[in-house]
Structures are given as structure tokens and as C-alpha cells.
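Worksheet: one structure, shown below.
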Amino acid sequence: MKDRIIFLPKIESEVEEKHISIWWTILMIDEFLFEALTQAISKQTEMDEELLRMLKMSIEIPPTLELGERSSNIAFKLAKSLRKSPFEIAETLSSEINAIREKIKEIRYAEAVKGYINFYFDFRHLFNILDKRIDREKHKFGRNSSGRGKKIIVEHTSINPVKPLHIGNLRNAILGDIMSRLYEWNGWEVEVQNLIDDYGRQVATLIWGLLNNVHLDISRNYKENFDVWLGRVYSHCNSVLEASQRWKEVDQVMIDMRNNPAIYRFMRSICQECVDSNLETAWKHGITYDFLVWESDISRSGIWEEAQSLLERNEYFYWEKEGENEGCFVAYLGHLPEFEDKKNPIKIFIRSNGVPTYVAHDVGLQLWKYGLVTPKLRIRSLLKQENEHGKTKELWTSTDYEIDFPYTRKFGNADRVCNVIGVEQEYLQEIVRYSLKLLDLEDKYRNSYHLSYKHVNAPQARFSGRSGNWYEERAWADAVLEDTFDEAMKVLTSKRPDLDEHPENKRIITTNVSIAALRYWLAKFSTETEIKFRIEDATSLEGDTGPFLLYSYVRAKKILEKSKQMKFQSKLAIVDSDISLNEKQLILDLYRLPEVIKSAADSFQPIQVTKYAFELSSSFNRFYETSRVINAESEPLKSFRIKLVKDFHIIMQNVLQILGIPLVDEM
RNA sequence: GGAUCCGUGGCUCAGCAUGGAUAGAGCGUCUGCCUUCGGAGCAGAAUGUCGUGGGUUCAAAUCCCUCCGGAUCCGCCA
């Protein structure tokens, strides 16, 4: 037995001394249980790696606190090999653990129930450790350095610059934004990219319309943002083209955009204005970027030529000399088991007319993100963005200006890439990934992640820029936020009439509450769930919502403000039995943050954070209801509870930061 | 035709990767709780053949297969 069991990550300075590689795996509360169980089992049978793995998996949270704070079902798994009943094994192991429990202060006792081993903790001890940790690390609590020295590129938003972000694009952006925050908390260097496809057919369609004065049919409302108006024009262009069948002219615009400098400049300036408009929307929602990557800049940087020469050296990429794909540069994926069942194992990368396909571009882009191709891309710093906590972040962009800007920064060279793209592009993203595998870049292949999510749809149809149905449904991001704002304003007006005298304060609270509502709503679903857009769901402020989180946070804040002048004992003078069930639950939830941060990032599931945040808030609200803090029954209890509130306040703040939800002081 | 994903109370969803105790939330409905740190809250009630049928297992919402219903993908479109 070790002298001391460590079950929380060490702070940074200590980490460097010893636990550098494994420290984050020994985070959680489960660690001392693991130790205790290992001790007990090794007296019964030989420990091997498989058994250790099984043991680790066996530790779970029981359905109710009456069945213990943690439990293990390991007795079931051991039943066969030990040829005993689970019941009997659980009994033996429990008494074994109880015999050594003096060495493990955290465990009060273990109990065998119906084959399970249920553990009961010493919460006074447990809380003491946690409280000291949080007090020391404060707003760093929950961070780890598992990603130290590594860089991830998160690409998200990436809409065609012809329209505003609609609610579905916002889902994309928020999932990506939370992922980038999570990775930062895991110690990674994070680069957020937003790909601007100004060379595509959608832009050509719009430019065709502008050149032919189609936009004059759509009047711009004086309050309307540029991108909203542009999106309506774009949709109108499609119906005009549909009616007139002048698609060939759009083909010509596609060519002109590439060859005619005047047309290019015109297109670029329109797109730039649209992107500016899109950025304003993103910022309102707390989303920032590091780098805007323009497709036209990328295209002309020679990226594809470089990627092509890399691919040409590989046997799976070749020029087709005969058959229907004659003259095309293709990828052969047929020998990969994942593509066996596909009708066509051959994917065209360069058309017979010499123009690379979309997927080829994506492969080039992916290679560039890993620093495997090094195009000459001109970049410049566009501006400094300020986030909800007042931190500034520089926004860079690729540029077509023939000037070298004096400040440069290194982009690309990632160790991991996360592309936030809709589920309909799963097949294409697979091709991108497997191309890396074919190039023998096994490591890059494994580190390429497609964060796939399903769309946010209108009750009857899909949202599409082409049909313009986002406009009738008021489903563009700014409109949804406005509607949520109105809803929150109504609530605030009825609940806080006193705020009418502080209109500016009221406006800030309402704004932040509505951002909280929307961000939380878009992140709380599994990415595999299609969200049906109903405004009353999006703007809901009660129950499993963002404002619920803020509300518990504000409650804690108010208590701390009121207790500021009070004296309380710094030493924990309570005994275990003073701690109520609700308090125990809250302590257990506070312990979970580091694990959630690790697990949500590893599995690319922002939902884990929203779920945790809701459970944590619920625990606090229950505690709030049953435990008086300022008028506590005794001085020791008061001191303990103030500490608990303080810890919750810090951890909730950390959680809200990861979710990108701005704080409020009151609501 | 082939592939992938989804199907869980009236509604909206977690849970499935790694099978374990009574299948969890929120909304809505009903009943309580404001002389108590702010009720956007809390406590409680009712509502479930976890799409269907089979299989594996001591144990299946979870793993495997069948069928039904819905979505998406399988372009020299982007």
C-alpha cells in the first residue's frame, strides 16, 4: 500500500516533478476506490491487466445516495472465474476493504448489497481536500495539461458568404466554440479557423444576380443587417434563375471570378462585407475566431498543386487513362474495408477539364492544417476581438493584397484537427481522413476528427439559403437572439420592477440571459439528434436551460456578498454527520469538473458539459432550499456552508466559461 | 440497390461507446412551499410493451440479426 493515495491531479509545479504523464488519469474521486478494491481482490485472485481494466470500469454512481456514494459491480464479473456467487464475493471484498479502511481516510465503510459493493465516504475529509484544492487553484480548477505542447485546429461556421448565419449554422459555431474552449482547458494550443468559400457556386449565383440588377427587386429594410438582405437577394437569384434557366451565365461568372480581376475585386468586396456582418453575429453569441481562411486565397496560393504532387507519388492516387473517368486524377479507396460496400470505390480528385473537385480541396486543406503542404498564403491581422470576459484575441485573415504585412504569425502545423461539419458530409470527410491513411500518415489520420451533427430544421422542411425559408421562420441567428431577448425582457420586467430605474443594467442582464438560453439550447442535444426549431423551445428560460444555470450562480453570488462582512472559522470544525444529503450531493458534483473537461474533449461531446452544468446547478438549488447559510444552525456549520457556496461559485463560473455563457451579477 | 444515423411517458430529449440495483430529466397536467440567504426555484403525484420480433447472457434501452417507420449519404455539384 502506498502511504498516500492521490486522487486529484497535482498542481502544475508538483506535476513536473513526477506524475507528468499519468497525472491526469488519476484525477477523479474513483482513484482511492480503485486502490482499495485492488488491495482486496489481490488477496482473492491474481491481478492482471484485463482485471484491472474491468475493475476500473466497474466503479459507478449508484441510483440513489442511500446505496452509497459509489459502488462497484466487480463481484458479478468475478463470479465465473472464482466459482462463487456474486453475493458471497461482494461480502468477502467488503469486509476486506473495511479491514484496511484506516489507511484510506476517504472511505468510511463498504457494504455488500445484492452483489454490489457500496461505498460510503467520509465527507468531512473529502470536502476538506476539495476546498483546499479549489482555494489554491481557483479559476484554474478543472484545467489539466494533457495537451501541453500540442496544437489543435478547430474549423467551424464556414458558411458561404452570401447569407446570414441561420440557427443551424449557429449550432455548428457553438459546438465548435465549446470544443475550442474545452481543448484550451485541456492544455492544448487552439486555433479556430473559419473557411470562407468565396470561390463557390453560391457566390457565383449571387454575383450573377448583382451584376444583373436582380438585387433591385429586394428592398433593404432600414434596420436590416447586410447579410440578411444579401441572403434574401441570394434566394431571389435562385428563383429568377430557376424561372429563366440562365444557369450558363452563372458558369461564366464562376470563370470570371477567377480570371477577371475586376469581377474578382467586386466579388471579394461583397463577400468581405457579408463576412463582416456574419462576424458581428458570431461575436454577439460569444464566438470568436483566430483565422479566416478564404478559399480564393487558398486556391491561388498553390496549395492544391503542392498537394497533388504529394499525392501523385502514392500508388493509390493516379491519372485514369481509360473508361468513363478518362483524363481524371482519382483516388482508389476500394481496398479499404470501410469503402468495400460503396458502389464506387473511385473518387475523382481532378476533373478531365483540369479543375480539382471539392473533396480534393478538402484533402489539400487538411494537409495544410497539418503543415504537410506549405502554400504561400498572404495573411494579415484584421482586428482584435474581445470576449465576454474582456480577454482580447487577435483575428487574422488570409488576404489577396499584394503587400507583405509586417506582422506575421504561424498558422497550421496542428497535431489534431477537428472539423465541425454537418452529418451529410460524413462520406466526404471519411475520404479526407482515409486519404491521409493512404498517404501512410497514420497519426494524422487518427487525429483527424469530423464533429458531425444533424441539422436544425424547420418543423416541416429543412432550412436552406437557397429557398430562403429561414427568413419567413425568423430563423437567422440575430432574429432568434432578438426574440429570446424579448422573452427575457418580459420575464425580467415582471420579476424585477426595481430594475426599470437602471435601464442599462437591465439591458445587459437581458442580453446575457438570452445568450445563455440560446447557447445552452443549441449545445444540450446530442449531435446525433436533429433539432426541430420551435421558437418557444429556443427562448425557454425555465427548467433545463441556460438561465437556470445563471440563476443558481447568482444565488451563490448573493450569499457570498451578504456574508462578506461576517466572521467565520477557516478551520473545518464539523463532523461527517453534520453534512446533509443535499450537501453531499453537491460536494460529489463539484468533484466531477476535471473529469467532465477531459472526457467531453476526448469524445467531442459538448453535451457532457451542459449535462454536468445542469446537474451541478440542480444540486446547488436543492442545497439552497434546505441549508441555510447565513442563518445556519451553528458557527461551524455556517463556516462550512460558506466554503461550500464559495467553491460552487468558482466552479460554476468555470463551467459557464467553458460553455461561453456570459456572467450576470443579478437577474 | 448499398451504407450510415435515429425511433425511449402527452410533447422535447438524456442514457447505448464500456450490458448490472427501481429506465432519468425538462415542458405540459395535478398537489403543496414566499413573516426563512431572491420562487427564472424547491418538494411531491400521475403518465413507459425503451418501434417490432427473435438471439447472446446469470443479467439487454444498451451487444447481434429480422422487419416496420423517419432522416441522410453513395456526382467530372459545392
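Each chain gets a letter, A, B and so on, in the order its sequence line appears, and its residues count up from 1. Everything numeric in this text was worked out from a predicted model, so none of it was measured.
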* Asked: Do A/Glu320 and A/Ile346 have side chains that get closer than 4.5 Å, going by heavy atoms?
  -> yes
* Distance in angstrom units between A/Ile159 CD1 and B/A78 C1', rounded -> 15 Å
* **Minimum-distance nucleotide (side-chain atoms of A/Arg534 versus B/U72, B/U12, B/A78)** => B/U12
* Give a yes/no on whether any side-chain N or O of A/Thr529 is located under 4.0 angstrom from OP1 or OP2 of B/A14. => yes
* Structure fact -> Rounded to the nearest 0.5 angstrom, the CH2-CG distance for A/Trp521 and A/Leu541 is 13.5 Å
* Asked: Using the ring of each side chain (for Trp, its six-membered ring), is A/Trp304 parallel, tilted or perpendicular to A/His361, with breaks at 30° and 60°?
  -> tilted
* Asked: Ignoring hydrogens and angles, are the base of B/A17 and the side chain of A/Ser603 linked by a donor-acceptor pair under 3.5 Å?
  -> no
* Qualifying residues under side chain to side chain contact (heavy atoms under 4.5 Å, CB included), relative to A/Asp647, sequence neighbours excluded -> A/Phe127, A/Asp131, A/Ile134, A/Leu590
* **Whole-angstrom distance between B/A21 and B/C67, as gauged at atom P** => 31 Å
* **Passing candidate, salt bridge (Lys or Arg N to Asp or Glu O under 4.0 Å) with A/Glu666, options A/Arg496, A/Lys495, A/Lys557** => A/Arg496
* To do: Take the protein atom CD1 of A/Ile531 and the nucleotide atom P of B/G26, then report the distance between them rounded to whole Å.
  => 19 Å
* Asked: Between A/Arg628 (side chain) and A/Glu633 (backbone), is there a donor-acceptor pair under 3.5 Å?
  -> no
* Structure fact -> From CD of A/Gln429 across to P of B/A78 the rounded distance in Å is 16 Å
* **Partners meeting side-chain hydrogen bond (donor to acceptor under 3.5 Å, both in side chains) with A/Asn621 (sequence neighbours left out)** => A/Arg555
* To do: Would you please name every residue forming a side-chain hydrogen bond (donor to acceptor under 3.5 Å, both in side chains) with A/Thr539, sequence neighbours left out?
  => none
* Structure fact -> With syn meaning chi within 90° of zero and anything else anti, the base of B/C34 is syn
* Strictly by modelled atom types, are A/Asn469 and A/Glu473 linked by a side-chain donor-acceptor pair under 3.5 Å? -> no
* Please identify each residue that fulfils side chain to side chain contact (heavy atoms under 4.5 Å, CB included) with A/Ala204, with sequence neighbours left out. => A/Val250, A/Val253, A/Met254, A/Met257
* Asked: Tell me, for nucleotides 35-45 of chain B in 5' to 3' order, what letter each nucleotide earns: B for a base near a protein heavy atom under 4.0 Å, S for only sugar-phosphate near one, - for neither?
  -> --BBSBBSS--
* With a non-hydrogen cut-off below 4.0 angstrom, is A/Arg466 in contact with a base, only sugar-phosphate, or nothing? -> nothing
Output a table of nitrogen or oxygen pairs between the protein and nucleotides 57-61 of chain B separated by less than 3.5 Å.
none

* Structure fact -> Note: for A/Ser599 and A/Arg70 on RNA chain B, the residue whose nearest nucleotide lies more 5' is A/Ser599
* Asked: To the nearest Å, how far apart are A/Leu67 CG and B/G24 C1'?
  -> 16 Å
* Are a donor atom and an acceptor atom from the side chains of A/Thr493 and A/Lys506 found within less than 3.5 Å of each other? -> yes
Distances under 3.5 Å between nitrogen or oxygen atoms of protein and nucleotides 6-8 of chain B:
residue, atom, partner, partner atom, Å
B/C6, OP1, A/Glu528, OE1, 3.2

* Would you kindly say whether A/Trp319 and A/Glu312 are connected by a side-chain donor-acceptor distance under 3.5 Å? => yes
* To do: Take atom CZ of A/Phe614 and atom P of B/A25, then tell me their distance rounded to the nearest Å.
  => 9 Å
* Passes side-chain hydrogen bond (donor to acceptor under 3.5 Å, both in side chains), A/Ser514 versus A/Thr484? Steps please. -> CA-CA 5 Å; A/Ser514 41; A/Thr484 313; over 6 Å; no
* Would you mind reading off the distance between A/Tyr199 atom OH and B/A78 atom P, rounded to a whole angstrom? => 14 Å
* Separation of atom CD in A/Glu530 from atom P in B/C13, rounded to whole Å -> 8 Å
* In chain order, what residues pass the side chain to side chain contact (heavy atoms under 4.5 Å, CB included) check against A/Leu663, with sequence neighbours excluded? -> A/His389, A/Tyr553, A/Gln653, A/Leu656
* Near RNA chain B, which residues from residues 348-361 of chain A have a heavy atom under 4.0 Å away? -> A/Ile348, A/Arg351, A/Ser352, A/Tyr358
* Could you summarise the pairing of RNA chain B as dot-bracket text, marking Watson-Crick and G-U pairs under 3.5 Å with ( ) or [ ] inside the strand and | across strands? => (((((((..((((......[...)))).(((((.......))))).....(.(((..]....))).))))))))....
Under 3.5 Å, sequence neighbours excluded: what are the donor-acceptor pairs made by side chains of residues 79-91 of chain A?
residue, atom, partner, partner atom, Å
A/Ser81, OG, A/Leu78, O, 3.3
A/Ser85, OG, A/Glu88, N, 3.1

* **Integer-rounded Å distance: B/A78 P and A/Asn419 CG** => 19 Å
* Could you check if a side-chain atom of A/Asn160 sits within less than 4.5 angstrom of a side-chain atom of A/Tyr234, using non-hydrogen atoms only? => no
Report, one line per pair, each donor and acceptor closer than 3.5 Å where one atom sits in a side chain of residues 526-535 of chain A; sequence neighbours left out.
residue, atom, partner, partner atom, Å
A/Ser526, OG, A/Glu528, N, 3.1
A/Glu530, OE2, A/Asn457, ND2, 3.2

